[in-house]
Amino acid sequence: MTDRYKAKAGFIAASALWGTLSVFVKNIELSSAGVALCRAVLAVVVIGAWLLLTGRAGTLRGAGREAPLLAASGAAMGINWILLFEAYKYTTVSSATLSYYFAPVLVTALCPFLYREKLTKRQVFCFVMSTIGLALVVTGGTGLAGAGLKGICLGLGAALFYAAVILINKGLIRLGGIQRTFYQLLAAAVVLTPYTLFTGSLELSELDSAGWASLLTVGIVHTGIACCVYFSALGKMSGQEASVLSYIDPLSAVIVSVAVLGEPISAAQALGGALILGFAMLNELPAKKEKAP
């Protein structure tokens with residue numbers, strides 16, 4: 001197997017692994033802020049050790065000028081995790097995930113205002129169709145009131161902060177992907193620590209053996225190791241391949257929601273999810289140059 005195919009296999013494995021995150025998060029009897037903080041701390045340790053062992057620790061230099069952006073993106077990442085984990089508590093994983101993956105669509109809509117990028121006709125069409133898909137996810141479940149709607153709103157809140165991370169990363173050009181992620185996770189841990197301690201959200205003594213196993217898996221495997229594999233593979237793949245294969249993550253999450261957790265999903269929500277993911281993916285693919293509308 002060539003290095004390119006090994007990289008693609010690693011990328012697919014990491015993306016599919018992220019789709020199983022909810023199974024472990026649901027087994028951790030901590031607040032969402034507590035889980036997010038532990039996840040960030042454990043991942044920083046794993047990624048830092050990997051950079052040291054591979055002789056890449058020196059590549060962490062040069063972050064000084066970008067420190068404000070790294071801090072902002074790290075804070076946004078931490079809040080994003082808190083909102084997503086909260087969403088899991090109020091709605092199905094599939095609904096939370098599909099709402100969360102509206103983020104790339106939000107990025108497309110915000111770029112013209114923030115970076116003066118012109119929208120093409122295809123981007124406008126993808127935005128409209130993905131928005132219709134989101135409407136189906138929201139209205140196709142148990143109704144527009146109660147915990148389900150709250151969970152979807154939390155998922156959309158997570159999407160907004162995920163979009164913020166993506167947009168801020170456009171200004172981070174001095175560091176590679178894994179080095180940038182290391183600093184963002186470090187910033188997330190720094191931001192989350194005082195909030196978590198002040199609110200008394202870190203009751204580690206209440207965790208049983210299953211909770212500890214799940215927490216360590218989320219921090220070490222789902223975040224630390226998966227990020228190392230993901231970014232190592234990313235440098236050996238084309239941007240188009242990475243954009244398309246990254247949607248394995250939400251697809252895996254929906255499959256896990258239905259097949260493993262036994263959560264319901266209606267035909268309307270399945271159609272809505274297909275519209276969100278399908279048109280978000282189409283928006284990522286290169287196209288012939290076209291005039292902006």
Side-chain angles (χ1 to χ4, degrees), residues 10 13-53 74-94 96-97 100 147 151 154-155 158 161-162 178 181-232 249-250 252-263:
S15 297
L17 180 66
W18 283 328
T20 68
L21 180 67
S22 60
V23 176
F24 297 88
V25 170
K26 283 179 173 289
N27 284 329
I28 304 172
E29 295 296 328
L30 289 177
S31 69
S32 296
V35 176
L37 173 59
C38 292
R39 181 186 189 188
V41 170
L42 289 169
V44 165
V45 173
V46 172
I47 295 175
W50 182 81
L51 290 171
L52 284 171
L53 292 173
M77 180 183 291
I79 297 171
N80 150 42
W81 286 351
I82 292 174
L83 293 174
L84 180 60
F85 297 161
E86 279 294 297
Y88 290 158
K89 297 178 181 179
Y90 293 98
T91 189
T92 62
V93 170
S94 56
T97 301
Y100 177 61
L154 286 166
F161 281 95
Y162 181 31
I178 188 65
T181 300
F182 173 84
Y183 279 119
Q184 287 172 330
L185 288 167
L186 184 60
V190 170
V191 170
L192 289 171
T193 296
Y195 172 79
T196 305
L197 295 178
F198 180 76
T199 58
S201 302
L202 194 61
E203 298 291 341
L204 293 175
S205 60
E206 295 183 3
L207 288 178
D208 57 14
S209 57
W212 273 108
S214 295
L215 183 62
L216 292 172
T217 301
V218 166
I220 296 174
V221 180
H222 282 87
T223 313
I225 294 175
C227 280
C228 292
V229 172
Y230 177 90
F231 285 108
S232 295
D249 174 1
S252 172
V254 172
I255 292 172
V256 165
S257 172
V258 177
V260 178
L261 298 176
E263 297 176 337

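Only this structure's heavy atoms are used, side chains among them; waters, hydrogens and symmetry mates stay out. This is a predicted model, so every value here is computed, not measured.
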Quiz item: Which value, rounded to the nearest 0.5 Å, describes the distance between I255 atom CD1 and L261 atom CG?
Solution: 12.5 Å
Quiz prompt | Nearest-0.5 Å distance, CZ of residue F231 to OG1 of residue T181 | solution = 3.0 Å
Practice problem: Evaluate the side-chain contact (heavy atoms from CB on, under 4.5 Å) criterion for residues I28 and R39: first the C-alpha distance (whole Å), next the side-chain angles of each, then the deciding distance (0.1 Å), finally the verdict. | Solution: CA-CA 12 Å; I28 304 172; R39 181 186 189 188; over 6 Å; no
Self-check item: From CA spacing to verdict: side-chain contact (heavy atoms from CB on, under 4.5 Å), I225, W50
Solution: CA-CA 9 Å; I225 294 175; W50 182 81; over 6 Å; no
Self-check item: Heavy-atom closest pair, residues A87 and G151
Solution: CB-O, 3.4 Å
Quiz prompt | Interatomic distance, E206 atom CD to L30 atom CG [nearest 0.5 angstrom] | solution = 8.0 Å
Quiz item: Can you name the closest pair of heavy atoms from S32 and E86 and give their distance?
Solution: OG-OE2, 2.6 Å
Quiz item: Side-chain contact, heavy-atom cut-off 4.5 Å: L42 with T223?
Solution: no
Quiz prompt | Any Y88 side-chain heavy atom under 4.5 Å of L154 side chain | solution = no
Quiz item: So which heavy atom on A43 is nearest to which on G224, and how close?
Solution: CB-N, 3.9 Å
Quiz item: What distance do F182 atom CZ and C228 atom SG have between them, rounded to the nearest 0.5 Å?
Solution: 10.5 Å
Practice problem: Please step through side-chain contact (heavy atoms from CB on, under 4.5 Å) for the pair Y195 and T199, ending with a clear verdict. | Solution: CA-CA 6 Å; Y195 172 79; T199 58; 3.8 Å; yes
Quiz prompt | Side chain to side chain, V256 and V93, heavy atoms closer than 4.5 Å | solution = no
Quiz prompt | Flag if over 12 foreign heavy atoms under 6.0 Å of CD, E263 | solution = yes
Quiz item: What's the spacing between E29 CD and N27 CG if we round to 0.5 Å?
Solution: 8.0 Å
Quiz prompt | Test item: S214 side-chain N/O and A210 main-chain N/O as donor-acceptor pair under 3.5 Å | solution = yes
Exercise. Look at the rings of Y230 and W18 and say which category their plane angle falls in: under 30° parallel, 30 to 60° tilted, over 60° perpendicular.
Key: tilted
Quiz prompt | Straight-line distance of W81 CH2 to L21 CG, nearest 0.5 Å | solution = 9.5 Å
Self-check item: Closest heavy-atom pair and its distance - A14, A226
Solution: CB-O, 3.8 Å
Quiz item: Residues two or more places apart in sequence or in another chain: which of them pass salt bridge (charged side-chain N to carboxylate O under 4.0 Å, His left out) with E203?
Solution: none
Quiz item: Are any non-hydrogen side-chain atoms of C38 and L202 less than 4.5 angstrom apart?
Solution: yes
Quiz item: Do you know which two heavy atoms are closest between A40 and A188, and how far apart they sit?
Solution: CB-CB, 4.4 Å
Quiz item: Does the side-chain contact (heavy atoms from CB on, under 4.5 Å) test come out yes or no for I82 and L192, once each step is laid out?
Solution: CA-CA 10 Å; I82 292 174; L192 289 171; 3.4 Å; yes
Practice problem: Check whether any side-chain N or O of T97 sits under 3.5 Å from a backbone N or O of S94 as a donor-acceptor pair, and report yes or no. | Solution: no
Practice problem: Check G19 against S252 and note the closest heavy-atom contact, atom names and distance. | Solution: CA-OG, 3.6 Å
